[in-house]
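Data first, discussion second: the structure below is written as structure tokens.
Throughout, protein chains are lettered first and strands after them, A, B, ... in sequence-line order, and every chain is numbered starting at 1.
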Amino acid sequence: MNAADTAFVLISAALVMFMTPGLALFYGGMVRSKNVLATIMQSFILLGLVSIIWAVCGYSLAFGTDQGGIIGSLEYLFLNGVGMEAGPFSETIPHLAFMIFQCMFAVITPALITGAFAERMKFGGFLVFTTLWILVVYAPMAHWVWGKGWMAEMGALDFAGGAVVHMSSAAAALAATVVMGKRKGHGSTAFIPHNLPMTVLGAGILWFGWFGFNAGSALAADGFAANAFVTTHMAAAAAALAWILMEKLHSGKATTLGAASGAVAGLVAITPAAGYVTVMPAIIIGLGGGVFCFLGVLLKGKLGYDDSLDVVGVHGVGGTWGAIATGLFASINKTTGLFYGNPSQLWIQLASVAATWAFCFIASLILFKLVDATVGLRANAEEQDRGMDLSEHNETAYQA
Amino acid sequence: MNAADTAFVLISAALVMFMTPGLALFYGGMVRSKNVLATIMQSFILLGLVSIIWAVCGYSLAFGTDQGGIIGSLEYLFLNGVGMEAGPFSETIPHLAFMIFQCMFAVITPALITGAFAERMKFGGFLVFTTLWILVVYAPMAHWVWGKGWMAEMGALDFAGGAVVHMSSAAAALAATVVMGKRKGHGSTAFIPHNLPMTVLGAGILWFGWFGFNAGSALAADGFAANAFVTTHMAAAAAALAWILMEKLHSGKATTLGAASGAVAGLVAITPAAGYVTVMPAIIIGLGGGVFCFLGVLLKGKLGYDDSLDVVGVHGVGGTWGAIATGLFASINKTTGLFYGNPSQLWIQLASVAATWAFCFIASLILFKLVDATVGLRANAEEQDRGMDLSEHNETAYQA
Amino acid sequence: MNAADTAFVLISAALVMFMTPGLALFYGGMVRSKNVLATIMQSFILLGLVSIIWAVCGYSLAFGTDQGGIIGSLEYLFLNGVGMEAGPFSETIPHLAFMIFQCMFAVITPALITGAFAERMKFGGFLVFTTLWILVVYAPMAHWVWGKGWMAEMGALDFAGGAVVHMSSAAAALAATVVMGKRKGHGSTAFIPHNLPMTVLGAGILWFGWFGFNAGSALAADGFAANAFVTTHMAAAAAALAWILMEKLHSGKATTLGAASGAVAGLVAITPAAGYVTVMPAIIIGLGGGVFCFLGVLLKGKLGYDDSLDVVGVHGVGGTWGAIATGLFASINKTTGLFYGNPSQLWIQLASVAATWAFCFIASLILFKLVDATVGLRANAEEQDRGMDLSEHNETAYQA
Amino acid sequence: MKKVEIITRTFKLDDIKAALSEIGIKGMTVSEVKGFGRQGGHKEVYRGAEYQVDFVVKVKIEVVVEDARVADVIAAASKAARTGQVGDGKIFVLPVEEVVRIRTGETGDAAV
Amino acid sequence: MKKVEIITRTFKLDDIKAALSEIGIKGMTVSEVKGFGRQGGHKEVYRGAEYQVDFVVKVKIEVVVEDARVADVIAAASKAARTGQVGDGKIFVLPVEEVVRIRTGETGDAAV
Amino acid sequence: MKKVEIITRTFKLDDIKAALSEIGIKGMTVSEVKGFGRQGGHKEVYRGAEYQVDFVVKVKIEVVVEDARVADVIAAASKAARTGQVGDGKIFVLPVEEVVRIRTGETGDAAV
Ligand SMILES: Nc1ncnc2c1ncn2[C@@H]1O[C@H](COP(=O)(O)OP(=O)(O)O)[C@@H](O)[C@H]1O
Ligand SMILES: Nc1ncnc2c1ncn2[C@@H]1O[C@H](COP(=O)(O)OP(=O)(O)O)[C@@H](O)[C@H]1O
Ligand SMILES: Nc1ncnc2c1ncn2[C@@H]1O[C@H](COP(=O)(O)OP(=O)(O)O)[C@@H](O)[C@H]1O
């Protein structure tokens, strides 16, 4: 046990917790004003819902003793045996600190999905879906990658959640657009963000919190943490620039929403790589994140599906690129990627990418269909016209 | 002295400082737009006013050498003798770090009260009242509980401020409603929150900062801090869920304001217990916090007093429940409560609850009366119509 | 290497990073709603632009081996040689941690300048100017003061950036007003802040982040850090009070914008002194900061130049006062000022003040003229009428 | 048919609405306006600079009614809105030549 | 000249604008209003307290046209705005005695 | 009595107010509107998707005056509002049949 590492991981957990309200604002600013509360709520309430699921059984499923590479044991049900002493995943911090740090990841991941079905999701169906998704998709994914499951065994590298957090939520987002269809008015109405300063504030909080997310994933206040901190920052910086450069080329002007989106794209892209690459490759990963995610968002317009806030374009494209780039650029922390003489790492990364997308998409699709057929998912046209804030929550965000 | 503990407490102090602007937004979003600045100001300016009082004499009154169980000595007047070496309250951190961590508590406590008289308090009277209240109510309370005063001697448990922070401010809030009466239009006009995203942002900042508040109160980056961190988070999570469940039962829909209010209620409830209970009891405390505070807020409607933003319903009910629950569930950190075989702890807790309410209510009542009779407290009807922002500060919050 | 110091500096770097979005809101709330995004963008994008410049060559120019007192060597180009081990500027933290902490300072400094030309600056010219300014003004200044350059050799004290950050940006701001002239409508139209809660939120984030800025500048989690933390807080507190007291005397009412402005003025004033003075002198420095900066802002009205958001009045006046006050009150950390028997320190401080203003003003003036003559700086009257958000970014901040 | 436009203090809206309901008015349209008049404005101060803000926020209520009810509407609204202080506002009556209810296509008195 | 005032659902604005364009209307002025009428409002709940909000947000479209075109405007706007549900709103026609185009000083039919 | 409605650029409000004050107008009511007309709108871009925004934010000034002063009001407002560019806006004059000052109950010319 080491007090410095404990302090570092606890503060990091607080930073990651803060990302969820940050995401709520990031998304909330992008919807129309009649839907802002419902959008915020879908992130905020997960701090409640997922945390309790995590304490009851989620943590145990993800980080209990490995059962055949597939899932964790039930030994930590109700956090039984998760105490003030070090646990199996880190010798220098209390087991509780590791558990709560991981809890914050479990909270924000399903919150990311909500961008896809914003402005048309019913609250009840959302709660049921998320509960199932944490148990059926997230906990296994976390186990496979970080809980000594089969992906970890295979040697897949995912420092802070390119697969567990970003690809998984993007695959669920894609499934959501398939099951739920488009918002009323899609194609004819302009869906213009109602409050961009709110979105930029959200992006600022996300960037701030991401230092906890990525550097905290070192689980120690050491050189690796410092390296992950720097790669995180520089990738975000590079991606913000890359995105607005793409905008300049594409439509003549850089936008504030573009800068904020680019920063998030860069943060997504570096997430799997942050602890395995050095700074200059991180900048390249960031540049790629900015360019590819911008193109991914444009593609949506071409393909015509309604991923309201671009979960697939940003988290799907960015997470995938980051996972592949880790296979290219890994060079520190006992890893090596293709460019450092280890082509097999790239194949492992590609396999983990394919497996993650396939599993998460199919499982999410089934869960969405299931909830749609039982509790119901989609608000009807009249509810969408009134806005989800009034229809689902009896509230109005703003009064003159 | 220990650098890790110092880092942890300093960062925690920063987190607690950030709660005050967070509270400003939490409250500010709930008032009408013509009163938002005045409401924000009443929190923000306390970062100025109370900090200076704290440096001049507040800290000494609270944490100077105990004088008969009642008050601290004047030895630390102007922070004389409070330096870079460890002080009497912690061996591992600089005395200055302990002092400033405590300062942040002194700042936010009177800021909590402001919710009770929002939309009708004059700024001058507010400043005078708060100055007196810190010296006459807060400093003694802090001394009794944390400064080796009589409540500590009696064995009352209050980890991070159920009595010192929440009950004390709620008792003052109740006194305020008695002395100041209702807002103009109470009962006929709808007092609807003008900006709920602002309130949710405030709640997010409060939740984030509360990790500093509660885990930081361990004054060391150890297993107890990790435990307090986790109990804090889980209680907030449980209370957010409990509150919206109550709403669903009561009026058919969960609300965003309910989720935010519930989270705060849970944070309040766990505050006295955070370092003395394990995680599952913390979840129960959180659930209780959500349910009881929701009912407490409803009660206001029945009783008809005008506690504008529910300081009594949330901080009074939540703080009291938390103090009692500490007497029920305490089990770690050398404490035991009723459910762990020590009924006497419950009696001690009940005694401290009664004493806190009685002392803080009566003392606050006298102070309010005094200020009312001299400087004046209440804005008149015309000033309330124009809004406190214009009447008291010559400002308008928003321009189209 | 020391894990506690590493944790402290990394978290401090995250806090300083958060100041830039905070500044974006602080400034963004003060402009008219048609210019809020452009204003926010000018801060936010510097997280991208300056970070990359810093990694490529800025850090090396500032902190490479000293070349004749003037500039750093190119040894750290592309962060070559900046790794996980300790570097030359601190033995207890990774070189990368020191680099990224410094990076955050380089980001926010040019963001401060943007207040001067808000509501009329073209985005392209802004990017070019800032790139040049970092290389020509900021990197040398940082080198002279913190990189073992001539000002350090001379014995000038600047704990966390009174000269490097505040005077330098204020001098550039002054140059901007000279080159760019006034906004359309200056003198006839009322330029009233469009969203003061946004500004207060920004001030809250700045205050919070400033603990990283000043206490983090100790580069260790020790008593000096605790002292800097406390002096920072108390100076901000005192200045907020001083500013609203001046307002009360000047126009009869304290304002929320005044409290926020005062807090920032106090934070600016204590920045050069934070690690060299004790708490009571810090309060005096804060009081002076509040009073002098308030007068500095009033002076603008008299002199008639158009420093839109008072960069000179707040950062110029506050930074200068702080630098001088350091020469008066320095007493710890192996320093002594005039009031502690060392008059020569005051002369050194005055010399460094004069040199900083002269160098930064002239260099900035040349850069502005250069960019004006080539890329162009100033939006024309029609663009200003439409607002910079639409003219420069094709965006609108708010939709009903 | 006439359109009665009532421009008055915002916080009187509920009272006026109630008064008009009482005399059987079933519909009205309300907007927020800024009024300049004898009432004068107020001072605002930002960083020491004082601004005189001339306008006062007012509410405008538009009610279209049959000619015969105009006097009743004026009487009810005046009574509800009056405080006796400068700034109580004005009532304007304008002629309306045609009224259509979009839903049914009804016109004239049947449409209001 | 007449002023045609159309008060209807906000999300119909684009359709109405298109319908009016089609019949050659080149200008109009739009504002956001709150409507009270048969449509009723909705319930809002804040911390357990229920509020009945009576008004519905509506859009008001003002078009000044030559007398001869009034019928066309009413027909086009009615068609575009109609949903058949309560709350489709009203069209009011008011006489206009003079029209001036500020830019040129033109008046009458030439000015709209 | 007539109601003069002036729809023009927002940043001209102060000038028009001054011009009307100068000719002795003591009251007016102002609202924010969106105008569609020849002036055209602008392009906005959000995450690569371009939106054509057709409307322009305009200000609407309503002044009720005695018949005799209408010409003066039009002249003064036109002069103050004119830039000569498309989008300067319109002035409409509508008949007003009655005016009431709520505070005093005065009607007609005495009420404005
Ligand atoms: N001639 C006018 N034309 C249009 N609106 C007017 C006129 N005179 C006054 N108003 C409106 O009536 C409001 C109240 O007028 P004011 O002169 O302040 O008080 P009072 O109506 O009590 O005399 C003004 O704020 C303005 O909105
Ligand atoms: N007499 C009236 N005067 C002015 N506006 C009216 C009047 N009656 C209705 N309105 C406006 O028309 C809108 C629709 O009216 P409502 O009675 O709800 O439905 P409908 O027009 O379908 O009968 C109202 O919200 C209100 O804005
Ligand atoms: N027929 C009309 N009815 C109502 N408002 C109109 C009409 N024509 C124009 N307007 C208003 O006048 C404004 C200016 O008109 P526009 O055609 O752009 O320029 P101009 O008045 O210089 O010819 C429009 O934005 C709109 O608000």
Item to complete: Please report the C-alpha distance between C:Ile100 and A:Phe229 in whole Å, then the side-chain angles of each, then the deciding distance to 0.1 Å, and finally whether the side chain to side chain contact (heavy atoms under 4.5 Å, CB included) criterion is met.
Response: CA-CA 8 Å; C:Ile100 200 73; A:Phe229 190 109; 3.8 Å; yes
Worksheet, complete the sentence: Comparing A:Ser33, A:Pro197, A:Gly252 against chain C, the one with the most heavy-atom pairs below 4.5 Å turns out to be A:Pro197
Item to complete: Would you mind checking which part of C:Leu37 comes under 4.5 Å of any heavy atom in chain A, side chain (CB onward), backbone (N, CA, C, O), both or neither?
Response: both
Practice prompt. Might you confirm whether atom CD of C:Gln399 has over 12 heavy atoms from other residues, nucleotides or ligands at distances under 6.0 Å?
Written response: yes
Discussion item. Heavy-atom cut-off 4.5 Å, strictly under: side chain, backbone, both or neither for A:Met234 against chain C?
Written reply: both
Worksheet entry | Interchain contact, A:Leu257 with chain C, by part (heavy-atom threshold 4.5 Å) | both
Worksheet item: Near C:Glu91 CD, under 6.0 Å, is it more than 12 heavy atoms from other residues, nucleotides or ligands?
Response: no
Worksheet item: In terms of heavy-atom pairs under 4.5 Å, which option from C:Val9, C:Val36, C:Ile11 contacts chain A the most?
Response: C:Ile11
Worksheet entry | Segment of A:Tyr398 engaging chain C (4.5 angstrom heavy-atom cut-off) | neither
Worksheet item: Given a strict heavy-atom distance threshold of 4.5 Å, which part of A:Ile283 is in contact with chain C: side chain, backbone, both, or neither?
Response: side chain
Worksheet item: Would you call the rings of A:Phe208 and C:Phe208 parallel, tilted or perpendicular if under 30° counts as parallel and over 60° as perpendicular?
Response: perpendicular
Item to complete: Go through the atoms of C:Ile93 and report whether side chain, backbone, both or neither lie under 4.5 Å from a heavy atom of chain A.
Response: neither
Practice prompt. Might you point out which heavy atoms bring C:Phe44 and A:Ala203 nearest each other, and give the distance in Å?
Written response: CZ-CB, 4.2 Å
Fill in: Under 4.5 Å from any heavy atom of chain C - which part of A:Ile244
side chain
Response to the item:
Output for pair (C:Thr396 OG1, A:Ile192 CD1), nearest 0.5 Å, gives 7.0 Å
Fill in: Distance in Å, C:Asp389 CG paired with A:Thr255 OG1, rounded so as to fall on 0.5 Å steps
11.0 Å
Worksheet item: If you tally heavy-atom pairs under 4.5 Å against chain A, which of C:Met1, C:Glu85, C:Met17 wins?
Response: C:Met17
Worksheet, complete the sentence: Note: vs chain C, highest number of non-hydrogen pairs under 4.5 angstrom among A:Gly204, A:Ala221, A:Gly212, A:Gly209 is A:Ala221
Discussion item. Side chains of A:Phe224 and C:Leu96, heavy atoms from C-beta outward: is any pair under 4.5 Å?
Written reply: no
Discussion item. Among C:His393, C:Met41, C:Glu395, which residue has the highest count of heavy-atom pairs closer than 4.5 Å to chain A?
Written reply: C:Glu395
Discussion item. Quick check for you: to the nearest 0.5 Å, what is the distance between C:Thr6 atom OG1 and A:Asp222 atom CG?
Written reply: 8.0 Å
Worksheet item: How long is the span from the CZ atom in C:Phe18 to the CZ atom in A:Phe211, to the nearest 0.5 Å?
Response: 11.5 Å
Discussion item. Report which part of A:Ala259 has an atom under 4.5 Å of a heavy atom belonging to chain C: side chain, backbone, both, or neither.
Written reply: both
Discussion item. Going by the rule salt bridge (charged side-chain N to carboxylate O under 4.0 Å, His left out), which residues pair with A:Glu247 if we only count those two or more places apart in sequence or in a different chain?
Written reply: none
Practice prompt. Sort out for me which of A:Leu241, A:Val279, A:Ile205 touches chain C most, counting heavy-atom pairs under 4.5 Å.
Written response: A:Leu241
Discussion item. Is it the case that atom NZ in A:Lys184 sees more than 12 heavy atoms from other parts of the structure closer than 6.0 Å?
Written reply: yes
Worksheet item: Heavy-atom distance under 4.5 Å to chain A: side chain of C:Ser391, backbone, both or neither?
Response: backbone
Worksheet, complete the sentence: Residues A:Asp5 and C:Ala3: closest non-hydrogen pair is OD1-CB, 4.2 Å
Practice prompt. Can you tell which part of A:Ala263 gets under 4.5 Å to a heavy atom of chain C, answering side chain, backbone, both or neither?
Written response: side chain
Practice prompt. Heavy-atom pairs under 4.5 Å with chain A are the metric here; pick the option from C:Pro21, C:Gly83, C:Ala24, C:Ser51 that has the most.
Written response: C:Ser51
Fill in: Gap between atom OG1 of A:Thr278 and atom CG of C:Leu79 - 0.5 Å precision
9.5 Å
Worksheet item: Checking heavy atoms, do the side chain of A:Ser251, its backbone, both or neither come under 4.5 Å from chain C?
Response: backbone
Item to complete: Specify which of C:Ala7, C:Ala14, C:Ala4 makes the most heavy-atom pairs with chain A at under 4.5 Å.
Response: C:Ala14
Discussion item. Given heavy-atom pairs under 4.5 angstrom as the criterion, report whether the side chain, backbone, both or neither of A:Ala215 touches chain C.
Written reply: neither
Worksheet entry | Side-chain heavy-atom pair C:Leu47, A:His233 within 4.5 angstrom cut-off | yes
Worksheet entry | Point-to-point distance, once rounded to the nearest 0.5 Å, from NZ of A:Lys253 to CD of C:Glu392 | 6.5 Å
Worksheet item: Can you say whether C:Phe78 sits under 4.5 Å from chain A via the side chain, the backbone, both, or neither, judging by heavy atoms?
Response: both
